[in-house]
K.L.:
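Mind having a look at this structure? Questions to follow.
All values below come from the heavy atoms of this structure, side chains included, with hydrogens, waters and symmetry mates left out. For reference, positions follow the sequence shown, starting with 1.
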Amino acid sequence: MCEKKEKYQYMDETSYPEIQVCRKNQDYAFAMLGNMGGCNSEMSAISIYFYNSIILEEPYEEIKRAFHKISMVEMHHLNIFGRLSEKLGVEPRLWSVNHGRFAYWTPQFNKYSRKIDILLKNAYKGELDAIDKYTRQLSWIEDRHIQENLERIILDEKCHLKIFESLYEKYCE
């Protein structure tokens, strides 16, 4: 049985770098935890994209599939950040650190909507915010291995931006 060719490119074609670090570093580890379980995090993206893929029905099967496929890529990012945080010396739980206090991830971080235009706008903004966050981290993290992983993940997030933009143009304009 032949697999159907995908309409969208859900992840960049560049291979992922090895998951390693130069040395343990608590500041870098806390940044990776924020990428995993902060307000704007991979876990937030996974959970809202999962929700969106469940609630969408005809005539939005294409969008439903895109959310499902993108959530799988985001799960891979979550795994990368978790493995990096552990190598950096912290417990890779779904939590973030702010002013020395740990706070667990919660689904309250998500913006739930059933309106297709808002749903797609929120997804687009979430991807933009992730790119901005990872780009800011690149400006101060000096570990080349972490930098390579951030740069590679940004490429995927840019693919997601294009998909959400295309879907918005098709279904909302």
Side-chain angles (χ1 to χ4, degrees), residues 1-17 19 31-85 92-96 103-138 148-173:
M1 183 175 193
C2 295
E3 203 171 306
K4 180 182 164 188
K5 173 115 172 74
E6 290 290 341
K7 179 176 181 178
Y8 298 108
Q9 181 178 332
Y10 297 103
M11 57 192 288
D12 192 82
E13 294 173 354
T14 309
S15 62
Y16 288 94
I19 299 171
M32 297 305 103
L33 288 178
N35 295 347
M36 290 176 62
C39 182
N40 172 25
S41 67
E42 296 297 329
M43 189 63 215
S44 293
I46 293 163
S47 64
I48 196 66
Y49 295 171
F50 171 74
Y51 170 81
N52 293 346
S53 73
I54 290 173
I55 65 163
L56 292 173
E57 301 292 334
E58 284 293 333
Y60 303 117
E61 288 295 323
E62 179 180 28
I63 300 172
K64 175 185 187 98
R65 179 172 174 77
F67 275 119
H68 175 75
K69 291 288 195 176
I70 293 170
S71 74
M72 299 301 205
V73 177
E74 304 294 6
M75 276 188 229
H76 185 64
H77 299 168
L78 179 68
N79 181 275
I80 291 168
F81 290 132
R83 291 175 59 201
L84 286 171
S85 69
R93 297 184 186 183
L94 292 177
W95 57 10
S96 58
Y104 279 101
W105 178 85
T106 172
Q108 291 176 327
F109 290 155
N110 290 337
K111 295 177 181 164
Y112 295 94
S113 179
R114 288 184 164 262
K115 294 183 177 182
I116 198 68
D117 61 331
I118 294 171
L119 189 139
L120 288 169
K121 282 180 185 178
N122 287 344
Y124 186 87
K125 182 172 181 346
E127 297 292 336
L128 272 179
D129 290 347
I131 291 168
D132 180 59
K133 180 180 187 179
Y134 302 154
T135 301
R136 281 185 277 117
Q137 288 174 356
L138 282 169
E148 290 170 358
N149 277 281
L150 287 167
E151 288 166 347
R152 175 58 188 81
I153 289 170
I154 288 170
L155 295 176
D156 288 342
E157 306 299 11
K158 288 180 177 179
C159 289
H160 303 163
L161 278 178
K162 290 177 188 173
I163 294 167
F164 291 136
E165 185 175 40
S166 174
L167 291 170
Y168 186 85
E169 288 171 0
K170 181 174 180 178
Y171 291 92
C172 302
E173 290 186 342

K.L.:
What's the spacing between Q137 CD and I154 CD1 if we round to 0.5 Å?
P.N.:
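It is 8.5 Å, given to the nearest 0.5 Å.
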K.L.:
What residues form a side chain to side chain contact (heavy atoms under 4.5 Å, CB included) with N122, not counting sequence neighbours?
P.N.:
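Partners of N122 by the side chain to side chain contact (heavy atoms under 4.5 Å, CB included) criterion, ordered by chain and then number, come out as K111, I118.
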K.L.:
Can you tell me how far CG of N149 sits from CD1 of I19, rounded to the nearest 0.5 angstrom?
P.N.:
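Answer for the CD1-CG pair, I19 versus N149, is 6.0 Å.
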K.L.:
Would you indicate whether the side-chain heavy atoms of L78 and N35 approach each other to under 4.5 Å?
P.N.:
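Not touching, per the 4.5 Å side-chain cut-off.
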K.L.:
Might you point out which heavy atoms bring G34 and S41 nearest each other, and give the distance in Å?
P.N.:
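Closest approach of G34 to S41: O-CB, 3.5 Å.
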K.L.:
Just checking E169: does its CD atom have more than 12 heavy atoms from other residues, nucleotides or ligands closer to it than 6.0 angstrom?
P.N.:
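Count over threshold, so yes.
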K.L.:
Which heavy atom of S85 sits nearest to which heavy atom of P92, and what is that distance?
P.N.:
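Minimum heavy-atom contact is OG-CB, 3.3 Å.
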K.L.:
List for me each residue that meets side-chain hydrogen bond (donor to acceptor under 3.5 Å, both in side chains) alongside N79, sequence neighbours excluded, and say none if there are none.
P.N.:
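side-chain hydrogen bond (donor to acceptor under 3.5 Å, both in side chains) check on N79 returns nothing, list empty.
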K.L.:
Measure the OG-CD distance between S47 and E74 for me, rounded to the nearest 0.5 Å.
P.N.:
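So the gap between those two atoms works out to 10.5 Å.
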K.L.:
Only counting residues at least two apart or in another chain, list the ones meeting salt bridge (Lys or Arg N to Asp or Glu O under 4.0 Å) with D129.
P.N.:
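In terms of salt bridge (Lys or Arg N to Asp or Glu O under 4.0 Å), with neighbours along the sequence ignored, D129 is linked to K125.
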K.L.:
Give me the one residue out of Y171, Y8, Y10, F67 that meets ring pair (Phe, Tyr, Trp, His ring centres under 6.0 Å) with F164.
P.N.:
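Per the ring pair (Phe, Tyr, Trp, His ring centres under 6.0 Å) rule, the option paired with F164 is F67, out of Y171, Y8, Y10, F67.
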K.L.:
Residues two or more places apart in sequence or in another chain: which of them pass ring-ring contact (aromatic ring centres under 6.0 Å, His included) with H76?
P.N.:
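Residues passing ring-ring contact (aromatic ring centres under 6.0 Å, His included) with H76: Y16.
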K.L.:
Considering residues at least two apart in sequence or located in another chain, which fulfil the side-chain hydrogen bond (donor to acceptor under 3.5 Å, both in side chains) criterion with Y134?
P.N.:
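If we apply the side-chain hydrogen bond (donor to acceptor under 3.5 Å, both in side chains) test to Y134, skipping adjacent residues, the hits are E42.
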K.L.:
So, using side chain to side chain contact (heavy atoms under 4.5 Å, CB included) as the criterion, who are the partners of S15 when residues are at least two apart?
P.N.:
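Partners of S15 under the side chain to side chain contact (heavy atoms under 4.5 Å, CB included) test: none.
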K.L.:
State, with a plain yes or no, whether a side-chain heavy atom of M72 is found less than 4.5 Å away from one of K69.
P.N.:
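Side-chain contact under 4.5 Å: no.
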K.L.:
Please list all pairs passing the salt bridge (Lys or Arg N to Asp or Glu O under 4.0 Å) test where one or both residues lie in residues 154-164, with sequence neighbours left out.
P.N.:
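Output for this query lists R152-D156.
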K.L.:
For E62, what residues pass the salt bridge (Lys or Arg N to Asp or Glu O under 4.0 Å) criterion, not counting sequence neighbours?
P.N.:
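Listed in chain order: K7, K170.
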K.L.:
Heavy-atom count around F50 CZ within 6.0 Å, excluding the residue itself: above 12?
P.N.:
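Counting neighbours around CZ of F50, 12 or fewer heavy atoms of other residues, nucleotides or ligands fall under 6.0 Å, so no.
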K.L.:
Side chain to side chain contact (heavy atoms under 4.5 Å, CB included) with W105: which of M43, M36, R93?
P.N.:
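So, applying the side chain to side chain contact (heavy atoms under 4.5 Å, CB included) to W105 and each of M43, M36, R93, only M43 qualifies.
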K.L.:
Could you tell me the separation between the CD atom of E58 and the NZ atom of K64, rounded to the nearest 0.5 Å?
P.N.:
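Between E58 CD and K64 NZ, I get 9.5 Å after rounding to 0.5 Å.
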K.L.:
Are the side chains of L150 and F81 in touch, meaning some heavy atoms are under 4.5 Å apart?
P.N.:
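The answer is yes; the side chains approach within 4.5 Å.
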K.L.:
First locate atom CG of L120, then atom CD1 of I163, and finally report the distance between them rounded to the nearest 0.5 Å.
P.N.:
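Rounded to the nearest 0.5 Å, the CG-CD1 separation comes out at 11.5 Å.
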K.L.:
For a quick test of reading the model, state the closest non-hydrogen atom pair linking N110 to S44 and the distance between them.
P.N.:
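Here N110 and S44 meet closest at OD1-O, 3.3 Å.
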K.L.:
Test your reading of the model: is there a side-chain donor-acceptor pair from T135 to the backbone of I131, 3.5 Å cut-off?
P.N.:
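Yes: the side chain of T135 pairs with the backbone of I131.
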K.L.:
Going by the rule side-chain hydrogen bond (donor to acceptor under 3.5 Å, both in side chains), which residues pair with S96 if we only count those two or more places apart in sequence or in a different chain?
P.N.:
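Result, side-chain hydrogen bond (donor to acceptor under 3.5 Å, both in side chains) vs S96: none returned.
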K.L.:
Can the ring centres of Y124 and Y168 be said to be less than 6.0 Å apart?
P.N.:
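Ring-ring flag for Y124/Y168: false, centres at least 6.0 Å apart.
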K.L.:
Work out which heavy atom in S113 is nearest to a heavy atom in I55; give both atom names and the distance.
P.N.:
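Closest heavy-atom pair between S113 and I55: O-CD1, 3.6 Å.
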K.L.:
Which atoms form the tightest heavy-atom contact between G37 and F109, and what is the distance?
P.N.:
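Nearest heavy atoms, G37 then F109: O-CE1, 3.9 Å.
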K.L.:
Sequence neighbours excluded, which residues qualify as side-chain hydrogen bond (donor to acceptor under 3.5 Å, both in side chains) partners of S53?
P.N.:
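side-chain hydrogen bond (donor to acceptor under 3.5 Å, both in side chains) list for S53, sorted by chain: empty.
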K.L.:
Just jot down the salt bridge (Lys or Arg N to Asp or Glu O under 4.0 Å) partners of R83, sequence neighbours excluded, or say none.
P.N.:
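Scan of R83 (salt bridge (Lys or Arg N to Asp or Glu O under 4.0 Å), adjacent residues dropped) gives none.
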K.L.:
Only counting residues at least two apart or in another chain, list the ones meeting salt bridge (Lys or Arg N to Asp or Glu O under 4.0 Å) with D12.
P.N.:
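For D12, no residue satisfies salt bridge (Lys or Arg N to Asp or Glu O under 4.0 Å) once neighbours in sequence are set aside.
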K.L.:
Locate the shortest heavy-atom distance separating A130 from N40; write the atom from each residue and the value.
P.N.:
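So the minimum-distance heavy-atom pair works out to N-ND2, 3.6 Å.
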K.L.:
In terms of ring plane angle, is the pair W95 and Y104 parallel, tilted or perpendicular, where the classes change at 30° and 60°?
P.N.:
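W95 vs Y104 ring planes: tilted.
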K.L.:
Could you tell me if the side chain of H160 sits less than 4.5 Å from the side chain of M11, heavy atoms only?
P.N.:
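When only atoms from C-beta onward are counted, H160 and M11 do not touch, as no gap falls below 4.5 Å.
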K.L.:
Just verifying a value: how many Å separate Y60 OH and L167 CG, rounded to the nearest 0.5 Å?
P.N.:
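Going from OH on Y60 over to CG on L167, the span is 11.5 Å.
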